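For reference, the structure is listed below as structure tokens.
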Amino acid sequence: MRCYAVIDTNVIVSGTLPSRPDSPPKRIMESIVNGKITPIYSEYILNEYRGVLQRDKFHFNKNDVDILIRFLGSIGISVKPKIEDYDLPDPKDSPIYAAMMSSPQYNPYLVTGNIRHFPKADRIVTPKKMMEIIDTDDR
């Protein structure tokens, strides 16, 4: 089964850093690569991914970051959300939430490591929960 999801930047970063190969963020990235998750993104989100991944503290090669961003753009679904005041604990999360809210036709998940930054909703999940959903659907 294919799932559609807006992936929060913290999950992209965690999924690209060296870590256990079975960590939920790593598995999210693998699920994107193998087509189980189709990312939904906006230009803002891709630019945020790029900006965060290129921070010196992560030591990622700029070309590798560019390849990842191009890849996500090529396989994902681009949306042009209207940014509204969603009254989130961290207003910087509004573009991520807006991308999810602007694509109801895909019934997307929002996958985040900071679940408390968003309203409580069945489709706002942690990476671990997203992988449980995918693993259940694969049976």
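Note that the coordinates shown come from a computational prediction; the quantities given were computed from them, not determined experimentally.
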Legend entry - Minimum heavy-atom distance Gly113-Val11, with the two atoms named: N-CG2, 3.8 Å
Legend entry - Main-chain N/O of Thr38 paired with Arg2 side-chain donor or acceptor, under 3.5 Å: no
Inset, instruction - Examine distances only and state if a side-chain atom of Tyr41 and a backbone atom of Gly73 form a donor-acceptor pair shorter than 3.5 Å. - result: yes
Legend entry - Where Pro119 and Leu88 come nearest, the two heavy atoms and their spacing: CD-CD2, 3.6 Å
Inset, instruction - Walk me through it: do Lys92 and Thr9 pass the test side-chain contact (heavy atoms from CB on, under 4.5 Å)? - result: CA-CA 11 Å; Lys92 291 184 288 183; Thr9 307; over 6 Å; no
Inset, instruction - Report yes if some heavy atom in the side chain of Thr112 is under 4.5 Å from a heavy atom in the side chain of Ile96; otherwise report no. - result: no
Inset, instruction - Taking the side chain as every heavy atom from C-beta outward, state whether Asp135 and Arg27 have any atom pair closer than 4.5 Å. - result: yes
Inset, instruction - Just do the side-chain contact (heavy atoms from CB on, under 4.5 Å) check on Asp66 and Arg50 with the steps written out, would you? - result: CA-CA 7 Å; Asp66 289 341; Arg50 179 179 283 110; 3.4 Å; yes
Inset, instruction - Indicate, with yes or no, if Phe58 and Leu53 share a hydrophobic cluster defined by side-chain heavy-atom contacts under 4.5 Å among Ile, Leu, Val, Met, Phe, Trp and Tyr. - result: yes
Legend entry - Ile124 side chain near Met100 side chain, heavy-atom distance below 4.5 Å: yes
Legend entry - Heavy-atom donor-acceptor pair, Lys26 side chain to Leu17 backbone, under 3.5 Å: yes
Inset, instruction - Following the transitive rule for hydrophobic clusters with a side-chain heavy-atom cut-off under 4.5 Å over Ile, Leu, Val, Met, Phe, Trp and Tyr, establish whether Ile67 and Val52 coincide in one cluster. - result: no
Legend entry - Flag side-chain contact, heavy atom, 4.5 Å: Met131 against Ser31: yes
Legend entry - Test log, rule side-chain contact (heavy atoms from CB on, under 4.5 Å), inputs Tyr109 and Cys3: CA-CA 8 Å; Tyr109 290 92; Cys3 293; 4.3 Å; yes
Legend entry - Heavy-atom pair with the smallest gap, counting every atom of Ile40 and Ala99: CG2-O, 4.3 Å
Legend entry - Euclidean distance, Ile12 CD1 relative to Met29 CE, rounded to 0.5 Å: 4.5 Å
Inset, instruction - Give, for atom NE2 of His117 and atom CG of Asn10, the distance between the pair rounded to the nearest 0.5 Å. - result: 8.5 Å
Inset, instruction - Working to the nearest 0.5 Å, report the span between CD1 of Ile134 and CD1 of Ile37. - result: 3.5 Å
Inset, instruction - Compare every heavy atom of Pro108 with every heavy atom of Arg123, then report the nearest pair and how far apart it is. - result: NE-O, 3.4 Å
Inset, instruction - Check the angle between the aromatic planes of Tyr97 and Tyr86 and answer parallel, tilted or perpendicular using the 30° and 60° thresholds. - result: perpendicular
Inset, instruction - May I ask you to check whether over 12 heavy atoms, not counting those of Phe60, lie within 6.0 Å of atom CZ? - result: yes
Inset, instruction - Given side-chain contact (heavy atoms from CB on, under 4.5 Å), test Ile7 with Tyr49 step by step and report yes or no. - result: CA-CA 10 Å; Ile7 312 294; Tyr49 292 168; 3.6 Å; yes
Legend entry - Backbone of Asp64 reached by a side-chain donor or acceptor of Asn61 within 3.5 Å: yes
Legend entry - Contact summary for Ala98 and Lys82, nearest pair of heavy atoms: CB-O, 3.9 Å
Inset, instruction - Hey, could you give me the OG/CE distance between Ser94 and Met101, rounded to the nearest 0.5 Å? - result: 11.5 Å
Inset, instruction - Please examine the side chains of Met130 and Ile28, heavy atoms only from C-beta on, and report whether any two atoms are closer than 4.5 Å. - result: yes
Legend entry - For Pro127 against Pro25, the heavy-atom pair lying closest together: CB-N, 4.0 Å
